[in-house]
Amino acid sequence: MYAYSEFDHAFLKTRNAQFRAQVARRLSGALTEDEFKPLRLMNGLYLQLHAYMLRVAIPYGTLNSAQMRQLAYIAQRWDKGYGHFTTRQNIQFNWPRLQDVPDILDALAEVGLHAIQTSGNCVRNVTADHFAGAAADEIADPRPVAELLRQWSTDHPEFQFLPRKFKIAITGSPNDRAVTRAHDIGLRMVLEQGQRGFEVIVGGGLGRTPVIGKVLAEFIPERDLLPYIEAILSTYNSFGRRDNKYKARIKIMVNELGLDEVRARVARRFESLRAEWSGADQAVLDDLRRAFAPPAFRVAPIDGFAAAYQRDPVFRAFADTNLAPHWQEGYAIVTISLKAHGATPGDATADQLRLMADLAERFGHDELRISHEQNVILPHVHKSDLPALHGALKAAGLATANVGLISDIIACPGMDYCALATARSIPIAQEIAQRFQAREAEIGGMKIKISGCINACGHHHVGHIGILGLDRAGVENYQITLGGDATQTAALGERAGPGFAYDQIIPALERLVDAYLAVRLGPQEEFLATFRRLGAQPFKAALYETEGQADAA
Amino acid sequence: MTERFTPSVLTANDLLEGDVVYLAASGHWTRRLPEARLFTDPDSAALALAAAQAQPGRLVGAYLAPARLGPHGPEATHFREAFRARGPSNYPHGKQAEGLC
């Protein structure tokens with residue numbers, strides 16, 4: 001893992017001291033809210049429905065145990081004893097007091113964390129495949145490049161006032177777990193004649209104008225990647241719209257100029273920029289590769305794992321759903337579900353955070369990951385340790401065996417917390433998980449994603465079933481989309497029809513799931529495959545069979 | 001034609017806590033919606049709003065929120081304001097935990 005340099009520590013110290021002074025000036029009345037707001041947002045501090053909210057960046061979703069413990073400490077000391085992991089691999093604290101935030105930022109800095117650029121029209125936290133460095137299907141760990149991007153984009157003087165926010169996601173695997181096609185820039189590592197490089201996807205995004213990203217360049221060699229990305233940002237900074245907030249994302253620029261014209265402009269910019277890059281970035285990248293070298297894996301028998309798998313059906317269910325293949329023989333990737341049935345997706349108590357830190361230290365080479373699907377991952381666990389790990393998780397309510405199933409739901413905070421929301425998300429997720437718990441194994445792989453407004457933080461457009469909460473004439477109303485896909489075969493869901501009232505959405509989903517079970521070719525055909533085979537018609541028919549009850553919003 | 005004024009309470013977020021506050025009939029700021037003053041005429045509401053906006057050292061984002069008179073005082077007419085007056089629905093946090101609703 002990357003450890004902060006003296007430069008990083010000094011930078012954070014200065015930045016936190018600046019913010020402490022800004023808060024003091026706000027509290028003394030020397031700064032108005034209009035003057036203070038952009039300053040607090042640059043440091044990740046929002047004012048939400050009931051309280052301030054601090055969004056802390058977790059770069060490319062990677063944490064060590066000391067960092068995780070510090071998040072637990074912050075949750076307990078300055079918040080209400082829990083944290084909320086987000087769909088951008090960040091963590092949010094929902095209840096900090098303004099005067100405590102400078103101390104919280106100092107506590108974060110002690111372990112190399114901060115909240116910079118988690119808001120505002122700048123390059124946001126770079127997200128990555130949560131299995132990076134561990135996945136069996138990976139070409140190489142993308143995190144050295146992700147860290148290079150973090151260093152380059154943090155406080156980059158040219159890109160602090162972009163037309164709009166800018167999100168970059170990266171994966172080193174052909175199987176896309178980082179939703180690269182729904183980011184302003186998506187990077188997919190590829191090999192060309194043995195040389196490592198990236199497919200560069202541009203102009204993807206969800207929100208009010210959902211767009212699947214387009215391939216701007218099929219192959220950019222690794223040594224050219226940073227100047228090429230700078231050329232994209234520079235082009236966007238010059239030509240992206242600033243007259244209308246809703247047309248300011250790069251996806252609109254790509255749509256208005258056309259992909260070929262954007263490609264040509266980026267190429268021209270790249271040509272003039274390339275010479276300015278001395279190669280220092282490649283030297284940094286070499287250092288970063290060493291920092292992200294794999295841990296010292298051990299070789300040990302895995303008989304204990306096989307025996308527990310045979311003996312214990314609860315462990316077997318956990319192993320079947322929550323483990324993923326690791327490239328190192330004898331190891332597995334463990335996903336810890338933060339989706340216990342009836343719990344708030346993505347929330348973890350301070351005790352749970354601490355336990356996961358302890359388990360990472362004991363069984364996981366001191367590494368944790370946060371997924372955009374709001375779960376926690378121990379990327380490197382030897383299979384012989386899995387029974388003991390499972391036992392410890394079970395005792396803390398963290399052994400829910402539902403990863404990839406219908407109760408493993410992405411949900412934004414929605415109107416329970418968010419000032420922008422138009423309806424609640426969390427209670428819908430809680431109720432779906434509870435309602436389908438008994439038959440979720442039978443239903444099989446299913447991605448439900450819920451957003452509480454059109455900004456789509458809950459990624460509803462790319463859910464197999466997407467749910468969008470809206471305010472229709474002062475009443476919560478939920479639209480369903482069908483057939484979305486967040487992977488390498490990315491697709492936007494198709495709107496099923498009129499929305500459903502709060503108390504009608506769960507019965508509607510039950511009809512939808514029943515229809516799927518009735519028409520699928522067998523348990524091996526997951527919902528998305530059935531949808532692709534049959535189209536939306538049978539599902540629409542099921543949803544609206546009691547049309548009189550649906551609210552024709 | 002002038003729009004009909006909807007009875008409203010004056011609300012904002014507290015600068016320090018971020019908590020939701022309301023202007024009470026007595027002129028102080030309360031954390032309880034039932035204690036809020038219900039404005040029924042636009043002029044006094046506009047005057048109170050302007051006065052609140054002139055207190056940047058205490059309040060953030062003051063605005064008029066439609067409300068109606070219930071048995072215990074003003075009540076929210078929109079679900080967003082009902083959540084602001086109560087707290088989130090997934091945990092007993094916020095006003096509902098502090099006996100403020």
Side-chain angles (χ1 to χ4, degrees), chain A residues 23 25-37 40 45-54 79-82 84 94-101 342-345 347 349 411 413-430 469 471 473-476 502, chain B residues 6-22 29-33 36 49-68 75-101:
Chain A
V23 170
R25 284 156 63 208
R26 176 70 184 103
L27 295 178
S28 75
L31 288 177
T32 65
E33 184 61 19
D34 284 349
E35 289 164 333
F36 180 63
K37 188 177 174 184
R40 68 169 160 80
L45 186 63
Y46 289 72
L47 182 54
Q48 295 285 46
L49 223 49
H50 315 292
Y52 289 96
M53 178 274 280
L54 184 67
D79 208 88
K80 292 193 187 293
Y82 74 100
H84 173 76
N94 286 326
W95 302 92
R97 300 185 311 162
L98 177 59
Q99 65 267 43
D100 293 334
V101 174
T344 300
D347 278 10
T349 65
M415 196 172 278
D416 285 305
Y417 297 91
C418 180
L420 299 175
T422 44
R424 284 173 294 171
S425 303
I426 292 169
I428 302 292
Q430 290 172 308
D471 174 350
V475 178
E476 288 169 296
Y502 182 86
Chain B
T6 310
S8 298
V9 295
L10 178 56
T11 181
N13 287 81
D14 179 75
L15 172 66
L16 294 179
E17 308 275 336
D19 192 12
V20 175
V21 292
Y22 305 92
W29 289 88
T30 173
R31 286 165 196 260
R32 295 188 68 240
L33 174 58
L49 178 61
Q53 285 165 341
Q55 296 182 53
R58 165 96 208 261
L59 305 167
V60 183
Y63 65 96
L64 292 163
R68 64 174 163 244
E75 291 175 349
T77 54
H78 190 278
F79 62 93
R80 185 179 196 271
E81 290 303 324
F83 290 127
R84 288 182 80 241
R86 189 174 69 220
S89 54
N90 62 329
Y91 298 122
H93 288 162
K95 295 186 188 302
Q96 60 197 331
E98 294 155 20
L100 294 172
C101 64

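A, B, ... follow the sequence lines: proteins, then strands. Residue 1 opens every chain. Every heavy atom of this structure was used, including side-chain atoms; hydrogens, water molecules and symmetry mates were not.
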Given a strict heavy-atom distance threshold of 4.5 Å, which part of [X] is in contact with chain B: side chain, backbone, both, or neither?
X	value
Phe36(A)	neither
Thr422(A)	backbone
Pro413(A)	neither
Tyr417(A)	side chain
Leu49(A)	both
Ala429(A)	neither

For this session: Count the heavy-atom pairs under 4.5 Å between each of Ala421(A), Ala51(A), Ser28(A) and chain B, then report the option with the highest count.
Result: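 Among the listed options, the one with the most contacts to chain B is Ala51(A).
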Exercise. With chain B, which of Arg97(A), Gln48(A), Arg424(A), Met53(A) has the greatest number of heavy-atom pairs at distances under 4.5 Å?
Worked result: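 Ranked by contacts with chain B, first place is Arg424(A).
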Exercise. Is any NZ, NE, NH1 or NH2 atom of the basic residue among Glu98(B) and Arg32(B) found under 4.0 Å from an Asp or Glu carboxylate oxygen of the other?
Worked result: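 Looking at Glu98(B) and Arg32(B), the cut-off is not met.
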Exercise. Do Val20(B) and Asn13(B) come close enough that some side-chain heavy atom pair is under 4.5 Å?
Worked result: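 A side-chain contact exists here, since the closest heavy-atom pair is under 4.5 Å.
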Exercise. Just how far is it from atom CG of Leu98(A) to atom CG of Leu45(A), taken to the nearest 0.5 Å?
Worked result: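 The CG atom of Leu98(A) sits 6.5 Å away from the CG atom of Leu45(A).
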Exercise. Between OH of Tyr63(B) and CD of Glu81(B), what distance do you get to the nearest 0.5 Å?
Worked result: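 Reported to 0.5 Å precision, the distance equals 3.5 Å.
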Exercise. Among all residues two or more places apart in sequence or in another chain, which pass the ring-ring contact (aromatic ring centres under 6.0 Å, His included) test with Tyr46(A)?
Worked result: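 If we apply the ring-ring contact (aromatic ring centres under 6.0 Å, His included) test to Tyr46(A), skipping adjacent residues, there are no hits.
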